[in-house]
Amino acid sequence: MFFKSPKKNKRKEQDHSKQEDFSTELSTSLEQNIVNIKKMLDQPSDLITRPFIVGETGPACAIIYIDGLTDTKVINDSIMKNLQIGVDEIESRSEETETALLDRLSHHFISSGSVKKVTTMDEASLAILSGDTALFVEGTDQLLVIDTKGWKSRSIEQPTTEGTIRGPRDAFTESIRTNTMLIRRRIRDANLRFKSQQIGRRSKTRLTVAYIDGIVHNDLLQEVNKRLESIDLDDAPESGYIEQWIEDSFLSPFPQMHNTERPDKVATALTEGKIAILLDGTPFVLIAPATFGAMMHSPEDYYERWMIGTLLRILRYFAAFLAVFLPALYIALVSYHPGLIPSKLAFSIAATREGLPFPAVIEAFLMEITMELLREAGIRLPKPIGQTIGIVGGLVIGEAAVSAGIVSPVMVIIVAVTAIASFSLPSYSFAISIRMLRFSFMLAAAFLGLYGIILAYIMVNIHIVNLKSFGIPYSTPFAPAFKSDWKDLVLRVPIPMMNRRPKFLQPEDEKRIDKEDQS
């Protein structure tokens, strides 16, 4: 049985009474508009109201803005100074209508880059809270919203999660304007599109969908827009909220969208026919769709020669195999299939495990959980201390655990190799998925040995084949097979041979390099 909360009813009554205190309609009275906007925003301490008169006998005006969100230099130089310089002309046309006066102020006196006329109090309050300045004029029920955004933001720095030896050193920031600029610097194509909308019922966060018209497939673009329109959140502080809302399967451990802070990676994805989603307030940009093969790619693969890029990719696939299967294989071989281990190695392992109180699976879980704790502690602590804790903690705990007879030295080696292998994966989100799968394979090996690993492997493959990202199979171009895309999958052929965009994306313009034009 459900009861209505008296507190909630009281709160609703309070909110209703607040709405009745002021009008949400714009008035022709300047004083009334100022009172209404102050009541609507609950008179915050950082709300600045500056009444003034245009010229000596011009109409009464007022600008309203939020201190800290605006650039005061733009307000002083582009609004206040210009309005007072044009005094004579305003006075000579004093008989003109207020609407014409707003147009003349906008076209001749305000020198800001963006000025628009709004007709509702909701639009005015949203613009003020977004960093714009509202200009109210006596006698008119309209106002001008002037772009004066100018809050402090972080400078462009190096990527922290996707480092490379060779390649650009700039990364996205929390400012969506800076991020779109970084993409435009790399793609000077007139068909590059940035479509903006607001996400979050209360936060009104700006979200931008980026794509190249003429390359991206129309169905993919419509699917992305359709899912973005379905978002109904109070707040979206990070692109992870968007990713979790629009992904295909929230039960899957695999990330179904790329997240990156590298502008070069986004620019490459756009030219392939993918779509980027930028959210104001976060340096991580989403790229859709995602595939299993693309998760193993790094921008550095294309910056080095094709043989080096191919070798690095093969090394990454081998590292992913070790990160998933190595502890499980050790548990299965030691617990169920010791006959498969070479005799000398088997005797050596047996000697190191002599006197240990736990079976191999408990050993493995103890060390893996310890490693995960060290990894998390290293991330949360300040950077200099975190690195020290990671290295010293691993050495001290490993050595102490072996000396205490809790784990064997072989297990310490296996856990260390597994951790190093998982660090070599370029996508942090994908590496976390691999870590989760590792524990599942360890449990399967503990119950059924190699048969358990094989069964778990089949189940994971079935899941990957059935998983989709915006309608595109996650396992493509492996299955369904697009053989023409295999030249940029595990192998990376020379750049001149990559003359077509990925076929599985069905781009409108398939040619990336026109050999006839080259000749």
Checking Ser155 now: which residues fulfil side-chain hydrogen bond (donor to acceptor under 3.5 Å, both in side chains) with it, not counting sequence neighbours? none

Taking only residues two or more places apart in sequence, or in another chain, which ones meet Asn179 in a side-chain hydrogen bond (donor to acceptor under 3.5 Å, both in side chains)? none

In chain order, what residues pass the salt bridge (charged side-chain N to carboxylate O under 4.0 Å, His left out) check against [X], with sequence neighbours excluded?
X: Arg313; value: Asp301, Asp488
X: Arg154; value: Glu157, Glu174
X: Glu243; value: none
X: Arg227; value: Glu223, Asp248

For the residue pair Ser429 and Asn259, confirm or rule out a side-chain donor-acceptor distance under 3.5 Å. yes

If you measure from the Lys or Arg side-chain nitrogens to the Asp or Glu carboxylate oxygens, is any gap between [X] and [Y] under 4.0 Å?
X: Asp77; Y: Lys73; value: yes
X: Glu510; Y: Arg500; value: yes
X: Lys149; Y: Asp147; value: yes

Distance-only donor-acceptor pairs under 3.5 Å for side chains of residues 266-275, two or more places apart:
unit_1, atom_1, unit_2, atom_2, d
Thr268, OG1, Asp264, O, 2.9
Thr271, OG1, Ala267, O, 3.3
Thr271, OG1, Thr268, O, 2.7

Going by ring-ring contact (aromatic ring centres under 6.0 Å, His included), name the residues that satisfy it together with Phe482, two or more places apart in sequence or in a different chain. none

Only counting residues at least two apart or in another chain, list the ones meeting ring-ring contact (aromatic ring centres under 6.0 Å, His included) with Phe292. Phe430

Please list all pairs passing the ring-ring contact (aromatic ring centres under 6.0 Å, His included) test where one or both residues lie in residues 185-227, with sequence neighbours left out. none

Under the ring-ring contact (aromatic ring centres under 6.0 Å, His included) rule, what pairs show up with a residue in residues 149-172, not counting sequence neighbours? none

Going by the rule side-chain contact (heavy atoms from CB on, under 4.5 Å), which residues pair with Ile63 if we only count those two or more places apart in sequence or in a different chain? Arg50, Phe52, Tyr65, Ile75, Ile79, Met80, Thr133, Leu135

